[in-house]
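Below: the structure, in structure tokens.
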Amino acid sequence: MPIIVGVFCLLPLLLGLAAEYLVCRFLRRKLWRLLPPAVVLALTALVAAGRLNVWESSQSPVTQLLFVPGLPALCALIGTLLGWRLWKRLWGPRVIWEHKRGE
């Protein structure tokens, strides 16, 4: 069970986080920040299209399509969000509010 969780959840999450953080950190244009989520969605569509032959088999097609391209894609998209938040936290401008004394 830990291997399944690691392969289907943690690995895509960490790959998405690293890809989004590196793109945001080293590429300055805002349009490039959409590249990792777009790649995740394109790979998910390719895997889902490749697995459409499951519809003709005796196994349940919904579970096959949800767990194989769906769960890793969801974890990778969450990873890209976390990578963007990490970049924003570390490299974003900070606002410092000065407190007025005596008022």
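- How far SG of C75 is from CG of L17: 12.5 Å, rounded to the nearest 0.5 Å.
- Residue L90 qualifies as enclosed at atom CG: its count of foreign heavy atoms under 6.0 Å is above 12.
- Nearest heavy-atom pair across P72 and P12 is O-CB, 3.5 Å.
- The backbone N or O of L27 lies less than 3.5 Å from no partner atom in the side chain of W32, so there is not a single donor-acceptor pair.
- Both tests hold for R25 against W91: distance to the six-membered ring centre under 6.0 Å, angle to the ring axis within 45°.
- When all heavy atoms of P37 and E20 are compared, the pair lying nearest together is CD-OE1, 3.4 Å.
- Residues W87 and I78 share a hydrophobic cluster, clusters being chains of Ile/Leu/Val/Met/Phe/Trp/Tyr side chains in contact below 4.5 Å.
- The CZ atom of R29 lies 15.0 Å from the SG atom of C24; values are rounded to the nearest 0.5 Å.
- L77 and L13 end up in different hydrophobic clusters when Ile, Leu, Val, Met, Phe, Trp and Tyr side chains are linked at under 4.5 Å.
- Nearest heavy atoms, V23 versus P36: CG2-CG, 3.8 Å.
- Hydrophobic clustering (side-chain heavy atoms under 4.5 Å, transitive across Ile, Leu, Val, Met, Phe, Trp, Tyr) keeps L35 apart from L41.
- Across all non-hydrogen atoms, the minimal contact from T44 to V40 is OG1-O, 2.7 Å.
- Linking ILVMFWY side-chain heavy atoms closer than 4.5 Å, directly or via other members, places L31 and V39 in two distinct hydrophobic clusters.
- Enclosure of atom CZ in R85 is not indicated, since only 12 or fewer non-hydrogen atoms of other residues, nucleotides or ligands lie within 6.0 angstrom.
- Following chains of ILVMFWY side-chain contacts shorter than 4.5 Å, one can reach L74 starting from L82, so the two form part of one hydrophobic cluster.
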